[in-house]
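Note that the structure is a prediction, hence the values are computed from the model and not measured. In what follows, every chain begins at residue 1, and chains take the letters A, B, ... in the order their sequences are listed.
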Number of protein chains: 2
Amino acid sequence: MTQAAFFVLTALADQPRHGYGILREVEELSGGAVQMRVGTLYGVLDRLTADGLIVLDREEVQQGRLRRYYRLTDEGTVALAAEAERLAAGASAAKKRIAEGRRSPRPAPGRTSGTTDGPLAGPGLAGGLA
Amino acid sequence: MTQAAFFVLTALADQPRHGYGILREVEELSGGAVQMRVGTLYGVLDRLTADGLIVLDREEVQQGRLRRYYRLTDEGTVALAAEAERLAAGASAAKKRIAEGRRSPRPAPGRTSGTTDGPLAGPGLAGGLA
DNA sequence: CACGAATATATCGGCTCCCGATATATTCAG
DNA sequence: CTGAATATATCGGGAGCCGATATATTCGTG
């Protein structure tokens, strides 16, 4: 799941939106940090549709302008939730490790020479994203 | 910041590691979910070095095998922390929206209440791996 | 009325980046 | 000796994002 796809799914999570509306919504929900381009959007839309994560909900013509609304499928909602979990877990792991690195910038002070096999990658790190 | 770069920085956040060690560490810290390939690693390493987010810490020869250790720079630590915040915020926003969409699958069109729910940086992420 | 900005769709070339395959070399287990 | 693990690195293919471009209507400004 690419970042652009994630944001499109997020923008569609609460209600169906049309392409241009997705662009504005992504910018808004990210606080202006993410500015997806039109050239990116339609590729993502096609890919997500092909993957069955979104579908064309309806087409409206408002004031002469075509609006093509997309919405999440059940599969898309599940995929978005799973991706959100992965991102949260990754972010949590990174924060935890930054804190660990600050606590001991240099592991095992005092035995820098002659050490054959330090306990690198020891226990305690496995699956620790609780 | 690409996903691969994020995981490399995360693997290096607590202590310096060499390439192959990063590969194993990324797999371990993600609970086996992320399996970065060697072909990906070295490109990321070069890019992160060029960007000043990591540096070559030292080179060791252990049992005839060269080990090239990399470590985070201060800039790299800052960038990783910032990226972790972004990911957590995005994940939080997605979860919130999924809940909203389930509560009212077709809400009233238009947001007459003024959209006071600000951008990201919502509640702290739980980061649970269900 | 003319003009630019905003709305709204879509396409294309270029560039970055990830993956699979491949290559080299040593150590250890069978 | 053979295979697996460790450890480095490169290359080609393909996926995906961005900037530019195109078309068309509405609205505000001059």
Side-chain angles (χ1 to χ4, degrees), chain A residues 1-12 16-28 30 32-51 53-54 56-70 79 83 86 90 116-121, chain B residues 1-12 16-28 30 33-51 53-54 56-70 83 86 90 109-110:
Chain A
M1 167 104 48
T2 66
Q3 238 128 345
F6 172 76
F7 276 109
V8 168
L9 291 182
T10 301
L12 294 177
R17 293 176 197 276
H18 62 281
Y20 200 80
I22 293 172
L23 251 34
R24 283 177 299 156
E25 189 62 21
V26 166
E27 186 172 350
E28 194 172 340
S30 69
V34 179
Q35 290 188 346
M36 199 166 41
R37 314 293 163 171
V38 279
T40 304
L41 177 69
Y42 293 100
V44 173
L45 247 29
D46 289 344
R47 236 173 293 131
L48 290 176
T49 300
D51 292 345
L53 302 186
I54 64 174
L56 182 61
D57 187 62
R58 67 187 187 278
E59 288 181 343
E60 289 180 3
V61 176
Q62 296 233 341
Q63 298 158 335
R65 297 196 199 99
L66 175 65
R67 285 183 174 177
R68 191 162 289 161
Y69 284 80
Y70 292 88
E83 183 70 9
R86 276 191 290 271
T116 52
D117 44 3
L120 299 178
Chain B
M1 165 105 51
T2 65
Q3 237 129 346
F6 172 76
F7 277 109
V8 168
L9 292 181
T10 301
L12 294 177
R17 293 177 197 278
H18 62 282
Y20 199 80
I22 293 172
L23 250 34
R24 284 176 299 156
E25 190 60 22
V26 167
E27 186 174 351
E28 197 170 341
S30 69
V34 179
Q35 292 189 344
M36 199 166 43
R37 314 294 162 170
V38 279
T40 303
L41 178 69
Y42 292 101
V44 173
L45 248 29
D46 290 344
R47 237 171 293 133
L48 290 176
T49 300
D51 292 344
L53 303 186
I54 64 174
L56 182 61
D57 187 62
R58 67 188 187 276
E59 287 180 344
E60 289 180 1
V61 177
Q62 293 235 341
Q63 298 155 336
R65 298 195 199 99
L66 176 64
R67 285 183 173 177
R68 190 162 291 163
Y69 285 80
Y70 292 87
E83 182 70 9
R86 275 191 291 270

Chemist: So which protein nitrogen or oxygen atoms get under 3.5 Å of nucleotides 8-10 of chain C's nitrogens or oxygens?
Modeler:
from: dA8(C); atom 1: OP1; to: Arg67(A); atom 2: NE; distance (Å): 2.6
from: dA8(C); atom 1: OP1; to: Arg67(A); atom 2: NH2; distance (Å): 2.5
from: dA8(C); atom 1: OP2; to: His18(A); atom 2: NE2; distance (Å): 3.3
from: dA8(C); atom 1: OP2; to: Arg24(A); atom 2: NH2; distance (Å): 3.4
from: dA8(C); atom 1: O3'; to: Leu66(A); atom 2: O; distance (Å): 3.2
from: dT9(C); atom 1: OP1; to: Gly19(A); atom 2: N; distance (Å): 3.3
from: dT9(C); atom 1: OP1; to: Arg68(A); atom 2: N; distance (Å): 3.2
from: dT9(C); atom 1: OP2; to: Gly19(A); atom 2: N; distance (Å): 3.4
from: dT9(C); atom 1: OP2; to: Tyr20(A); atom 2: N; distance (Å): 2.5
from: dT9(C); atom 1: O5'; to: Tyr42(A); atom 2: OH; distance (Å): 3.4
from: dA10(C); atom 1: OP1; to: Arg68(A); atom 2: NH1; distance (Å): 2.1

Chemist: Checking Arg68(A) now: which residues fulfil salt bridge (charged side-chain N to carboxylate O under 4.0 Å, His left out) with it, not counting sequence neighbours?
Modeler: Glu59(A)
Chemist: Under the rule for side-chain hydrogen bond (donor to acceptor under 3.5 Å, both in side chains), what residues qualify as partners of Gln3(A), not counting sequence neighbours?
Modeler: none
Chemist: Can you measure Gln3(B) atom CD to dC17(D) atom C1' for me and round it to whole angstrom units?
Modeler: 14 Å
Chemist: With sequence neighbours excluded, what pairs up with Asp57(B) under the side-chain hydrogen bond (donor to acceptor under 3.5 Å, both in side chains) test?
Modeler: Arg71(B)
Chemist: Going by the rule ring pair (Phe, Tyr, Trp, His ring centres under 6.0 Å), which residues pair with Tyr69(A) if we only count those two or more places apart in sequence or in a different chain?
Modeler: His18(A)
Chemist: Return the value, rounded to whole Å, for the distance between atom CD of Glu60(A) and atom P of dT25(D).
Modeler: 19 Å
Chemist: Over all strands shown, is Thr2(A) touching base, sugar-phosphate only, or nothing at heavy-atom distances under 4.0 angstrom?
Modeler: sugar-phosphate
Chemist: Quick one: pull up CG in Leu9(B) and CD1 in Ile54(B) and give me the separation to the nearest 0.5 Å.
Modeler: 7.0 Å
Chemist: Report all interatomic pairs (protein N or O, nucleotide N or O of nucleotides 2-5 of chain C) with separations under 3.5 Å.
Modeler:
none

Chemist: How would you list, by chain and number, every residue that makes a side-chain contact (heavy atoms from CB on, under 4.5 Å) with Val26(B), sequence neighbours excluded?
Modeler: Phe7(B), Ala11(B), Ile22(B), Val34(B), Met36(B)
Chemist: Hey, is the side chain of Arg37(A) poking within less than 4.0 Å of OP1 or OP2 on dG19(D), counting only N and O atoms?
Modeler: yes
Chemist: Among residues at least two apart in sequence or on other chains, which ones pass side-chain hydrogen bond (donor to acceptor under 3.5 Å, both in side chains) with Arg58(B)?
Modeler: Glu60(B)
Chemist: Take atom CD of Glu27(A) and atom C1' of dT7(C), then tell me their distance rounded to the nearest Å.
Modeler: 14 Å
Chemist: For the pair made of CE in Met1(A) and C1' in dG16(D), what is the distance, rounded to whole Å?
Modeler: 14 Å
Chemist: Scan for side chain to side chain donor-acceptor pair (under 3.5 Å) pairs involving residues 35-47 of chain A, sequence neighbours excluded, and state none if there are none.
Modeler: Glu27(A)-Gln35(A)
